[in-house]
Amino acid sequence: MADTKREIERKYESNDSGLPDLTGVAGVANVLDKGTTELDATYHDTSDLRLAAARITLRRRQGGSDAGWHLKLPVAPGVRDEIHAPLADTVPGELAALTRSRVREGQLVPVVRLRTTRDVQNLVDARGRLLAEVSVDHVRAERLFGGEGTAQWTEIEVELADGGDPGFLDKVEKRLGKAGVRPSDSPSKLARALAETKGGKPHPAPPPGRPATAGDHVLAYVRAQRDAIVALDPAVRLDTEEGVHDMRVATRRLRSTFRSFGKVLDRKITDPVAAELKWLAGELGLGRDLEVLAERLIGSLADVPPALVSGPVHDRLRAWADAGERGSRHRLLGVLDSRRYLDLLDTLDALIADPPLLKAAAKNPEKVLTKAVRKDFHKVTDLIETAMAQPPGRDRDLGLHEARKKAKRTRYAAEAAHPALGKPAKKLTKSMKSLQSMLGEHQDSVMARETLRELSAVAHAAGESAFTYGLLYGREEQRAAAIEAETPDAWKRIKNKAPV
């Protein structure tokens, strides 16, 4: 079973490759010599180095205290999540799955072997607690695939102790700098090995030029959302807190962009892609929507005085949520391993490589993008006014839900247009986000009431009291009514200040 560790480290070089005295670093009471270790690591990648291009490393390492398979995923400069799996002859399935959005149908092969002699020192405080591990690594690199040759170098690596203050690394760096030690130009040993052996560095797609046309701006936004989906795939598989939500948002942004800017990108081409994105968003939403709804209902129940809780309401809510979450999690992992999902990623790549641009794509972005955003905004206006003209009930609920979805689409269109339109687009984005949140709270109340009706029926059939479910239902009705009462004035303020 793989486990994950947040790794915060910095790499350095020096002309003499020596390690200066670090006892003068603030907070360091002692420097402990931990001896020398021999490490032997084989790095795996695709033949075209897709992982390296994304600054991802996958290695099988022998020697040291953490021998095994290691997958490192970038989080921020100098910060990576390192996922460990036991030593095995082939790439463990759980690590291979975490690279699938990059590798897809490609094959992982050994590309570089690094043999390292590591001299380790521990920096500890006055209580003997580890602050950081400092190592001097003497590295010998051998190219195994996609080139040939060897390279050698020495580097200094400083890794923060688990739970340590990243600011401590600044203190160490200041001391190293005074001794002539400089930050390394290479983000990782693998990157340096690839650069210094014949065959060269991985070749990621060159960044596009500065957006000039309407098409440039729309494609930049499309590209960013495609990149987000691919990069978030491991986070979803690892069940990180916001992974599913963030990937779902990226799929929605893409769909909205295709629809809002149908004068820029040919919808005969993008509509089938949008349909597949809708499928993916739906699969991502099964568990996420259930999680949000469960938190809402359980939180509401916690506010009910004990004397008004009749029957095993909490247990029934918890059992309902747990059953749904287990099923949706298993289903989602199947989706991410499916041919349909991988085909969607390939289709997005192809669309970006050869975009279906229409005549308007070559025009001035301010005029084209403003017109598209304004069109979406006017649709929100129509939907809000139509919904509020309905009496309270199902028709109004459905109308406000449609207005919320259109507000979200307008928000994403404004986001895409922001680099071209500046402050007006940013202002509209903020307004639409506010409206989306308010109407989202209303829709959550609608869904909560539907669920409470279902659970109360189950409880009644089991001979339990349905009183508390009715109480919670009434509170949700009050929440929805308050939002409906607030909506006309809130929309009037937004409409009057709207920069479109």
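What you see is a predicted model; the values in this text were computed from it and never measured.
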>> What I want to find out is whether Arg339 reaches Glu105 closely enough, with some N-O distance under 4.0 Å, to be called a salt bridge.
In response: yes

> What's the spacing between Leu344 CG and Ile229 CD1 if we round to 0.5 Å?
Replying inline: 6.5 Å

> Just wondering, do Leu265 and Val222 contact through their side chains at under 4.5 Å, heavy atoms?
Replying inline: yes

>> Could you check whether atom CZ of Arg394 has more than 12 heavy atoms from other residues, nucleotides or ligands sitting under 6.0 Å from it?
In response: no

> Which residues pass the side chain to side chain contact (heavy atoms under 4.5 Å, CB included) test with Arg127, sequence neighbours left out?
Replying inline: Asp125, Arg129

> Heavy-atom distance under 4.5 Å between the side chains of Arg80 and Thr57, does that happen here?
Replying inline: yes

> Does Lys72 NZ have over 12 foreign heavy atoms under 6.0 Å away?
Replying inline: yes

> For Arg411, what residues pass the side chain to side chain contact (heavy atoms under 4.5 Å, CB included) criterion, not counting sequence neighbours?
Replying inline: Arg253, Glu415, Thr429, Met432, Lys433, Gln436

> Quick one: OG on Ser338 to CG on Leu336, what's the gap to the nearest 0.5 Å?
Replying inline: 7.5 Å

> Is the backbone of Lys430 close enough, under 3.5 Å, to the side chain of Ser434 for a donor and an acceptor to pair up by distance?
Replying inline: no

>> Which heavy atom of His217 sits nearest to which heavy atom of Pro365, and what is that distance?
In response: CD2-CB, 3.6 Å

> Roughly how far, to the nearest 0.5 Å, is CG of Leu383 from CG of Leu398?
Replying inline: 12.0 Å

> Any sub-3.5 Å donor-acceptor pair from Thr4's side-chain atoms to Ile83's backbone N or O?
Replying inline: no

> Between Trp69 (side chain) and Arg61 (backbone), is there a donor-acceptor pair under 3.5 Å?
Replying inline: no

> Under the 3.5 angstrom rule, does the side chain of Thr99 hit a backbone N or O of Val103 as a donor-acceptor pair?
Replying inline: no

> Just wondering, do Leu51 and Leu108 contact through their side chains at under 4.5 Å, heavy atoms?
Replying inline: yes

> Can you tell me how far NZ of Lys406 sits from NZ of Lys379, rounded to the nearest 0.5 angstrom?
Replying inline: 4.5 Å

>> Between Asp376 and Lys408 (salt bridge meaning N to carboxylate O under 4.0 Å), is one present in this structure?
In response: no

> Are Lys11 and Glu9 close enough for a salt bridge, meaning some N to O gap below 4.0 Å?
Replying inline: yes

>> What's the separation between atom OH in Tyr469 and atom CG in Leu317, rounded to the nearest 0.5 Å?
In response: 5.5 Å

>> I'd like to know if Arg248 pairs up with Asp289 as an ion pair, taking the criterion as any Lys NZ or Arg NE/NH1/NH2 lying under 4.0 Å from an Asp or Glu carboxylate oxygen.
In response: yes

>> Between Ser300 and Arg479, is the side chain to side chain donor-acceptor pair (under 3.5 Å) condition met? List the steps.
In response: CA-CA 12 Å; Ser300 295; Arg479 290 186 188 181; 3.2 Å; yes

> Is any side-chain heavy atom of Ser260 less than 4.5 Å from a side-chain heavy atom of Arg409?
Replying inline: yes

> Would Arg296 and Glu441 count as a side chain to side chain contact (heavy atoms under 4.5 Å, CB included) if you check the C-alpha gap in whole Å, the side-chain angles of each, and the deciding distance to 0.1 Å?
Replying inline: CA-CA 10 Å; Arg296 182 185 184 95; Glu441 174 68 17; 2.9 Å; yes

> Closest heavy-atom contact between Ala403 and Ile384?
Replying inline: CB-CD1, 3.8 Å

> Considering all heavy atoms of both residues, which atom of Phe261 and which atom of Ala413 are nearest to each other, and what is their separation?
Replying inline: CZ-O, 3.7 Å

> Between Asp246 and Arg288, is the closest basic N to carboxylate O distance under 4.0 Å?
Replying inline: no

> Are any non-hydrogen side-chain atoms of Glu82 and Asp66 less than 4.5 angstrom apart?
Replying inline: yes

>> Looking at Asp81 and Lys5, is there a salt bridge between them, counting it only when a charged N and a carboxylate O are closer than 4.0 Å?
In response: no

> Within the side chain of Thr381, is there an N or O that forms a donor-acceptor pair under 3.5 Å with the backbone of Phe377?
Replying inline: yes

> Side chains of Thr468 and Leu308: closer than 4.5 Å at any heavy-atom pair?
Replying inline: no

>> Please check if the number of heavy atoms outside Arg55 that lie under 6.0 Å from its CZ is greater than 12.
In response: no

> Within 45° of the ring axis of Trp279 and under 6.0 Å from its six-membered ring centre, is that where the NZ or CZ of Arg340 lies?
Replying inline: yes

> Does the side chain of Arg104 come within less than 4.5 Å of Leu345's, by heavy atoms?
Replying inline: yes

> Are Asp233 and Tyr341 close enough, and set up right, to give a side chain to side chain donor-acceptor pair (under 3.5 Å), and what steps lead you there?
Replying inline: CA-CA 11 Å; Asp233 179 288; Tyr341 168 67; 2.6 Å; yes

>> Less than 4.0 angstrom from a charged side-chain N to a carboxylate O is my criterion; do Arg493 and Asp489 meet it?
In response: no

> Do Tyr473 and Arg453 meet the criterion of a side-chain donor-acceptor pair at a distance under 3.5 Å?
Replying inline: yes

> Atom CG in Leu238, atom CD in Glu94: separation rounded to 0.5 Å?
Replying inline: 10.5 Å

>> Taking the basic N atoms (NZ, or NE/NH1/NH2) and the acidic carboxylate oxygens, is any pair closer than 4.0 Å for Arg10 and Glu159?
In response: no

> Asp397 and Glu484: which non-hydrogen atoms are nearest, and at how many Å?
Replying inline: OD1-OE2, 3.8 Å

